[in-house]
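None of these values were measured; they are calculated from a predicted model. Just so you know, ligand 1 is whichever comes first in the structure, and atom 1 is the first atom listed for that ligand.
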Amino acid sequence: MKQRPTTLNDEVKQALDEALQRYSGNHHGKNASYIPYLASVPSNLFGISIMFCDGTHAEVGDTDYAFAIESISKVFTLAHVLDEVGPQVLRSKIGCDPTGEPFNSVIALELHKGRPLNPFVNAGAMATVSLIKADNAKDRWDQIQTTYNAFAGRELPVNEEVYQSEADTNQHNRGIAWLLQSYGYMHADPMQVCDVYTRQCSVSITCHDLVTMGVTLANGGVNPITGKRVVAAKNVAPILSEMTLNGLYDTTGDWYYKVGLPGKSGVGGGILAVVPGVCAIAAFAPPLDVAGNSVRGQLAAEHLSRTLNLSLLHEFA
Ligand code: GLN
């Protein structure tokens with residue numbers, strides 16, 4: 001069986017170059033447009049980063065371009081809430097099962113009497129934000145921001161233009177927040193929670209930030225660059241379980257089949273894959289498939305997973 005790399009080497013660098021070359025001419029998919037700002041991001045941007053648990057890393061393409069974290073934020077808010085309330089509360093109040101429906105589905109909520117099923121659909125993500133013990137909106141937001149900054153090892157800005165664009169058009173999410181409230185799954189003021197959730201989605205990150213955030217999970221919750229613990233070691237497996245089951249919405253199964261790794265995507269075009277104990281891969285390319293996942297980002301992750309033998313099912317690859 002082929003060895004997996006555990007640190008940066010020439011084979012890894014070559015695989016990154018190949019992925020960029022092979023897929024930069026792929027023009028499938030479309031930028032998200034239901035958030036007007038996202039439609040204006042240049043579609044040809046493409047960046048790929050990898051970072052190992054020893055901190056060695058490499059990146060190719062547009063890895064310095066700052067994009068909106070969007071749904072990938074849900075992973076890091078989950079980390080914060082797991083540290084506050086623990087996995088049992090999270091599982092009973094939200095869950096870890098696929099809804100089988102798109103990430104903003106109202107039908108999925110209705111079918112399960114308001115139980116969101118997992119923290120990575122919008123309903124579950126807002127329910128997660130509502131579980132943060134906070135006195136007011138600022139306190140709720142500050143806790144989220146502090147956690148994200150610790151994962152990235154730097155202060156991440158909010159893109160106010162993205163926030164405004166999304167806040168002006170998030171009526172559907174507001175509807176979901178009220179539905180959660182009506183069913184007893186919203187644990188704080190619904191409009192405050194929806195607004196804080198919208199703000200968390202507007203955090204601006206580069207591929208380099210994203211790979212650092214991801215490798216912190218791969219490394220058992222310790223950011224390898226800052227050396228600081230960001231999430232309790234016992235809470236990393238629950239996070240990776242959620243990513244395995246629900247990271248790419250209703251096409252998570254397809255992703256797992258091809259890549260074999262816990263992942264998470266966002267409609268800003270970012271995508272993250274975590275190889276526990278080894279490394280993380282982050283990619284950014286704005287055009288999305290119908291489920292809302294970056295087309296080139298998925299292809300890049302698949303290429304790296306196959307070439308470097310990173311799949312968790314690698315013994316059978
Ligand atoms: N902010 C987006 C929303 O709530 C995030 C969705 C996503 O990235 N899938 O609709």
Undergrad: If we only count N/O pairs under 3.5 Å, is Asn122 in contact with ligand 1?
TA: yes
Undergrad: Are Glu11 and Arg4 close enough for a salt bridge, meaning some N to O gap below 4.0 Å?
TA: no
Undergrad: Quick check: closest heavy atoms across Gly214 and Val274, and the distance to 0.1 Å?
TA: O-CG2, 3.9 Å
Undergrad: Give the atom numbers and elements of ligand 1 that come within less than 4.0 Å of a heavy atom of Cys201.
TA: 1 (N)
Undergrad: Would you verify whether the NZ or CZ of Arg296 falls within 45 degrees of the ring axis of Phe46 while also being under 6.0 Å from that six-membered ring's centre?
TA: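 Here Arg296 passes the 6.0 Å and 45° test against Phe46.
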Undergrad: Are Phe120 and Tyr249 an aromatic pair by the rule of ring centers under 6.0 Å?
TA: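 Ring-ring flag for Phe120/Tyr249: false, centres at least 6.0 Å apart.
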Undergrad: Short list, please: which atoms of ligand 1 are under 4.0 Å from a heavy atom of Asn173?
TA: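 It comes down to these atoms of ligand 1: 3 (C), 4 (O), 10 (O).
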Undergrad: Could you tell me if any non-hydrogen atom of Gly266 lies under 4.0 Å from any atom of ligand 1?
TA: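 In this structure, Gly266 qualifies as a contact of ligand 1 - some heavy atom is under 4.0 Å.
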Undergrad: Out of Tyr249, Tyr34, Phe120, who gets a non-hydrogen atom closest to atom 3 (C) of ligand 1?
TA: Tyr34
Undergrad: By number and element, which atoms of ligand 1 are closer than 4.0 Å to a non-hydrogen atom of Glu70?
TA: 1 (N), 2 (C), 5 (C), 8 (O)
Undergrad: Does a side chain donor of either Asn118 or Asp97 reach within less than 3.5 Å of an acceptor in the other side chain?
TA: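 The answer is no; no qualifying pair exists.
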Undergrad: Around atom 1 (N) of ligand 1, find the nearest protein heavy atom and jot down its residue, atom name and distance.
TA: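 Of every protein heavy atom, Glu166 OE2, 2.3 Å lies nearest to atom 1 (N) of ligand 1.
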Undergrad: Between the side chains of Asp17 and Lys13, is the shortest nitrogen-to-carboxylate-oxygen separation below 4.0 Å, so that they form an ion pair?
TA: no
Undergrad: Side chains of Tyr163 and Gln200: any donor to acceptor distance under 3.5 Å?
TA: no
Undergrad: Looking only at distance, does Ser265 have an N or O less than 3.5 Å from an N or O of ligand 1?
TA: no
Undergrad: Looking only at protein heavy atoms, which one is nearest to atom 6 (C) of ligand 1, and how far off is it?
TA: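 Closest protein heavy atom to atom 6 (C) of ligand 1: Ser71 OG, 3.2 Å.
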Undergrad: Looking at Tyr197, which atoms of ligand 1 are within less than 4.0 Å of one of its heavy atoms?
TA: 1 (N), 2 (C), 3 (C), 4 (O), 5 (C)
